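Presented below is the structure to which this report refers.
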Number of protein chains: 2
Amino acid sequence: MPKRPVSNPLALAVLSCVWERPMYPYEITTTLRERGKQDSIRLNFGSLYAVIRSLESHGLIRAARTEREGNRPERIVYEITPAGMTEALDWMRDLLARPVKEYPDFEAGLSLLPMLSPQVARKCLEERLERLDAEIRARTELEETSALGLPELFLIESSYRVAMQTAERAFVAELLDRIERRTFGGLDLWEGLHEALAAGTPRNEIAAQLAARLGEEGGSTLA
Amino acid sequence: MPKRPVSNPLALAVLSCVWERPMYPYEITTTLRERGKQDSIRLNFGSLYAVIRSLESHGLIRAARTEREGNRPERIVYEITPAGMTEALDWMRDLLARPVKEYPDFEAGLSLLPMLSPQVARKCLEERLERLDAEIRARTELEETSALGLPELFLIESSYRVAMQTAERAFVAELLDRIERRTFGGLDLWEGLHEALAAGTPRNEIAAQLAARLGEEGGSTLA
DNA sequence: CTTCAAATACTTCACTCAGAGTATTCTCCA
DNA sequence: TGGAGAATACTCTGAGTGAAGTATTTGAAG
């Protein structure tokens with residue numbers, strides 16, 4: 001996969017702005033913020049100016065003119081180039097058409113779940129459930145009162161976020177339920193592990209027991 | 001929120017390894033890979049060595065001893081410190097209990113959806129649907145044949161991934177359906193926009209029309 | 001009329017990170 | 001026995017990234 005010349009999604013947002021009309025960097029920031037893009041695309045000054053430099057050096061945008069207002073720093077107004085338009089369209093198609101592997105924090109946490117005792121894990125998951133509920137509620141209320149009044153087309157990323165949060169909520173709820181009803185595969189082993197740990201059983205003994213219960217492959221799989 | 005001394009989740013994975021027993025860096029890599037953690041936690045050498053240096057400088061791990069085998073580079077074997085254990089547990093609780101805002105690529109793409117014409121967008125979303133199906137199918141087949149034979153406890157992060165992919169699939173399918181049946185809010189506007197663009201209507205005129213149809217707030221909201 | 005916060009418009013810096021590159025040693029097959 | 005390739009064990013580099021800092025101007029309150 002031949003990587004993009006500038007890989008930060010913020011660059012695409014910048015391209016989308018200067019496609020509409022030439023803008024200077026700070027104007028791009030405020031435009032993106034007004035439109036709520038900072039909820040979907042990481043936006044901060046450090047990255048913005050780096051990205052603009054990089055876009056320019058790759059010929060995707062170019063300085064159109066400079067302005068000055070009072071004693072403020074000079075503004076450089078950028079415009080999109082034909083190469084920039086091609087790149088932006090191609091990038092958009094890519095983002096929509098190809099799922100890419102991401103690394104959400106929660107997945108990392110789940111993958112190391114055995115580190116925590118079942119009791120502590122349950123407490124944490126219950127807390128997560130509450131927080132997710134609160135977020136979903138806040139978001140849907142906002143959409144219902146429709147303080148924004150925009151057509152769906154301009155709010156679709158927000159619907160996506162809610163859909164994903166709702167799915168995560170369901171996943172966590174089911175997981176908790178399965179632990180409670182003791183139908184979660186490996187629960188005995190998990191509890192045994194932490195009982196041994198609490199009892200001060202030596203690490204290598206625990207690892208050996210675990211390996212035995214897991215079957216053949218030599219490696220201990222504590223976490 | 002007082003940030004962690006080392007923020008890369010890879011650091012937590014490293015802590016989980018040296019908690020089990022002292023290890024040297026390369027051994028940590030292979031252990032994590034064996035256990036499939038690289039599917040949930042970004043793992044590469046550049047980060048690994050940086051993270052280990054950082055963990056050491058923050059007193060969360062320390063060099064226990066050095067080894068040498070033949071003419072190979074010397075290995076430094078690291079062990080976890082009490083501070084490291086505290087940090088690891090605290091971090092785990094955090095990961096499980098608190099949802100954090102993430103910035104998936106697809107959300108970025110959706111937030112700039114109006115850039116693409118409805119026809120192109122549909123094509124892309126259809127492609128995504130197919131790819132998602134393929135991924136979900138591959139993953140569930142793998143789980144059914146149970147080539148791994150591990151209890152759920154050690155595969156929970158994979159179930160999570162499937163749950164999220166399935167939810168995304170449903171979202172995309174519904175979106176496509178709504179576009180097809182023309183019940184997607186703003187579809188007329190979206191089509192009109194791209195017809196005007198294709199007809200070569202000047203950018204500022206388009207922006208003005210758009211602003212008019214969107215109501216009061218002055219900013220054009222092309223993308 | 002003054003002062004103080006907020007907005008404007010960036011710049012700087014220390015850090016992190018991903019990918020590619022390097023160098024040695026082991027293993028296996030012919 | 002000789003050479004290809006895999007495995008071992010890192011090092012380097014350049015490109016982000018986020019947080020904080022700088023300097024001016026406008027607006028509102030007192």
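This is a predicted model, so every value here is computed, not measured. Throughout, a chain's letter reflects where its sequence line sits, starting with A, and its residues are numbered from 1. No hydrogens, no waters, no symmetry mates; every other heavy atom, side chains included, goes into these values.
- Applying the salt bridge (charged side-chain N to carboxylate O under 4.0 Å, His left out) test to pairs two or more places apart or on separate chains, those with a residue in residues 151-164 of chain B are A:Glu107-B:Arg161, A:Arg178-B:Glu152.
- Applying the side chain to side chain contact (heavy atoms under 4.5 Å, CB included) test to B:Asn204 and every residue at least two apart in sequence or in another chain returns B:Pro202.
- Looking at residues two or more places apart in sequence or on another chain, you find a side chain to side chain contact (heavy atoms under 4.5 Å, CB included) between A:Thr201 and A:Ala196, A:Ala199, A:Glu205, A:Ile206.
- A donor-acceptor distance shorter than 3.5 angstrom exists from the side chain of B:Asn44 to the backbone of B:Ser47, with no hydrogens or angles considered.
- Between the NE2 atom of A:His58 and the P atom of D:dG14 there is a distance of 14 Å, rounded to whole Å.
- For residues 23-33 of chain B, the pairs satisfying salt bridge (charged side-chain N to carboxylate O under 4.0 Å, His left out) are B:Arg21-B:Glu27, with sequence neighbours left out.
- An OP1 or OP2 oxygen of C:dC10 is reached within less than 4.0 angstrom by no side-chain nitrogen or oxygen of A:Tyr26.
- If you measure from atom CZ of B:Arg33 to atom C1' of D:dT8, you get 11 Å, rounded to the nearest angstrom.
- Atom-to-atom, CG of B:Leu10 to P of C:dT16 comes out at 12 Å; the value is rounded to the nearest Å.
- To the nearest angstrom, P of D:dT11 lies 11 Å from CG of B:Leu48.
- For D:dG16, one of the phosphate oxygens OP1 or OP2 lies less than 4.0 angstrom from a side-chain nitrogen or oxygen of A:Ser54.
- Sorted by residue number, the list of members of residues 96-105 of chain A with any non-hydrogen atom under 4.0 Å from DNA chain D is empty.
- Put simply, B:Tyr49 has no side-chain N or O that comes within less than 4.0 Å of OP1 or OP2 on D:dT11.
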Between protein and nucleotides 17-21 of chain D, what N or O pairs are separated by less than 3.5 Å?
unit_1, atom_1, unit_2, atom_2, d
D:dT17, OP2, A:Asn8, ND2, 2.2
D:dG18, OP1, A:Arg42, NE, 3.1
D:dG18, OP2, A:Asn44, ND2, 2.4
D:dG18, N7, A:Asn44, OD1, 3.3

